[in-house]
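This report concerns only the one structure given below.
None of these values were measured; they are calculated from a predicted model.
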Amino acid sequence: MSSDNIVYRAAVWIVPLVIAIVFHEVAHGWVARWLGDPTAAEQRRLSFNPVRHVDPVGTVLLPLSLAIAGAPVFGWAKPVPVVAACLRRPRTGMMLVALAGPGMNLALAILGAFGLGLLSASLGGTLPASGAPRFAADILFSFLMVNVFLAIFNLLPIPPFDGGHVVEGLLPRPLARRYASIGRYGFLLLIGLLVVLPMLVPGADIVARVVGPPARWLLGQLLDLARAIA
């Protein structure tokens with residue numbers, strides 16, 4: 001199947017994305033339970049079954065539309081529930097819970113680099129233009145890119161991203177409460193930053209200007225690792 005085929009393109013991007021966001025959310029729940037909050041476990045969200053984490057828009061509709069359009073693919077899952085009051089040290093705990101998601105994506109990206117390097121080595125350093133080995137290589141490359149992007153993207157220091165929870169934990173309590181209140185407009189803020197703002201102000205593309213440079217640097221380092229393994 002050609003890499004230009006819509007089904008092929010959707011599979012190459014959506015499968016890695018679903019894996020990445022499911023592991024991201026489960027990592028939040030793991031760390032929350034470790035720090036004293038069993039909420040995610042009690043609601044059966046510490047499962048790798050994608051059905052338990054699927055958000056119809058963020059996990060299915062948006063990524064599929066982006067893949068078909070040939071645009072960069074991203075998405076989100078239903079957030080794992082975390083009750084800060086149940087954590088042994090709520091402010092510090094919420095920061096650690098927030099960092100667990102991007103940390104998991106970084107670990108997965110490193111695994112993707114190893115997988116890509118080992119696949120290339122097994123094929124003598126040359127990837128075929130088609131067939132199962134090419135599909136596997138495309139999946140691994142997409143997996144690497146998706147996890148790098150999610151790790152960096154979620155560290156944006158604004159609610160409702162994980163970086164926003166880190167900033168909230170660092171701010172004085174009164175200011176942190178006001179800052180956290182922005183999160184109630186999370187979806188609108190996300191659409192505004194990613195879609196509306198770049199349309200109105202072409203130079204204000206946050207993804208290209210803020211997420212892009214560190215993501216490209218990290219991706220380059222991991223591809224160097226893959227080449228070293230190959």
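- A distance of 5.5 Å separates CG of Leu223 from CG of Leu144, quoted to the nearest 0.5 Å.
- Hydrophobic clustering keeps Val167 apart from Met95 (ILVMFWY residues linked when any side-chain heavy atoms are closer than 4.5 Å, directly or through intermediates).
- For Ser181 (side chain) and Arg178 (main-chain N/O), a donor-acceptor pair under 3.5 Å exists by modelled atom type.
- Enclosure of atom CZ in Arg227 by more than 12 non-hydrogen atoms of other residues, nucleotides or ligands within 6.0 angstrom is indicated.
- Within the structure, the side-chain hydrogen bond (donor to acceptor under 3.5 Å, both in side chains) test picks out the following pairs touching residues 143-171 (sequence neighbours left out): His24-Asp162, His28-Asp162, Asn105-Asn147.
- Closest approach of Ala100 to Val31, counting heavy atoms only: CB-CG2, 3.4 Å.
- Taking 4.5 Å as the limit, every side-chain heavy atom of Val166 sits out of range of all side-chain heavy atoms of Pro157.
- Note on Leu46: it does not cluster hydrophobically with Val82, by side-chain heavy-atom contacts below 4.5 Å among ILVMFWY residues.
- The closest side-chain heavy-atom distance from Lys78 to His53 is not below 4.5 Å.
- With rounding to the nearest 0.5 Å, the separation of CG in Leu119 from CD1 in Ile229 is 11.5 Å.
- Ala20 approaches Leu108 most closely through the heavy-atom pair CA-CD1, 4.3 Å.
- Between Ser47 and Val26, the closest heavy-atom pair is O-CG2, 3.3 Å.
- In summary, the side chains of Thr39 and Asp37 do present a donor paired with an acceptor at a separation below 3.5 Å, with no hydrogens or angles considered.
- When all heavy atoms of Gly93 and Leu87 are compared, the pair lying nearest together is C-CD1, 3.7 Å.
- Of the possible donor and acceptor atoms, none in the side chain of Thr92 sits under 3.5 Å from a partner among the backbone N and O of Arg89.
- Counting only heavy atoms from C-beta outward, the side chains of Tyr179 and Ile158 approach each other to under 4.5 Å.
- Linking Ile, Leu, Val, Met, Phe, Trp and Tyr whenever their side-chain heavy atoms come within less than 4.5 Å puts Leu17 and Val12 in one cluster.
- Both Val146 and Trp217 sit in one connected hydrophobic cluster of ILVMFWY residues. Membership requires side-chain heavy atoms under 4.5 Å apart, directly or through other members.
- Ring centroid separation for the pair Phe48 and Trp30 comes in under the 6.0 Å cut-off.
- Put simply, the side chain of Arg91 gets close to the backbone of Gly169: a donor and an acceptor are under 3.5 Å apart.
- A single hydrophobic cluster is seen to contain both Leu118 and Leu225, as judged by linkage of ILVMFWY side chains at heavy-atom distances under 4.5 Å, directly or through other members.
- Within a 6.0 Å sphere centred on CZ of Phe135, other residues, nucleotides and ligands contribute more than 12 heavy atoms.
- Atom-to-atom distance recorded for Leu170:CG and Leu175:CG is 11.0 Å, nearest 0.5 angstrom.
- The closest side-chain heavy-atom distance from Val80 to Val97 is not below 4.5 Å.
- Across every non-hydrogen atom of Ala40 and Gly29, the tightest pair is CB-CA, 4.0 Å.
- If you take CZ on Phe143 and CH2 on Trp13, they are separated by 12.5 Å, rounding to the nearest 0.5 Å.
- Remark: the backbone N or O of Pro79 is paired with a side-chain donor or acceptor of Arg45 at under 3.5 angstrom.
- The two residues Phe161 and Leu156 come nearest to each other via the heavy atoms CB-O, 3.5 Å.
- Going from atom CG of Leu35 over to atom CZ of Arg88 covers 5.5 Å, rounded to the nearest 0.5 Å.
- Here the OG atom belonging to Ser142 is positioned 11.0 Å from the CD1 atom belonging to Ile14, to the nearest 0.5 angstrom.
- Asp138 has a carboxylate O that lies under 4.0 Å from a charged side-chain N of Arg134, or vice versa, which qualifies the two as a salt bridge.
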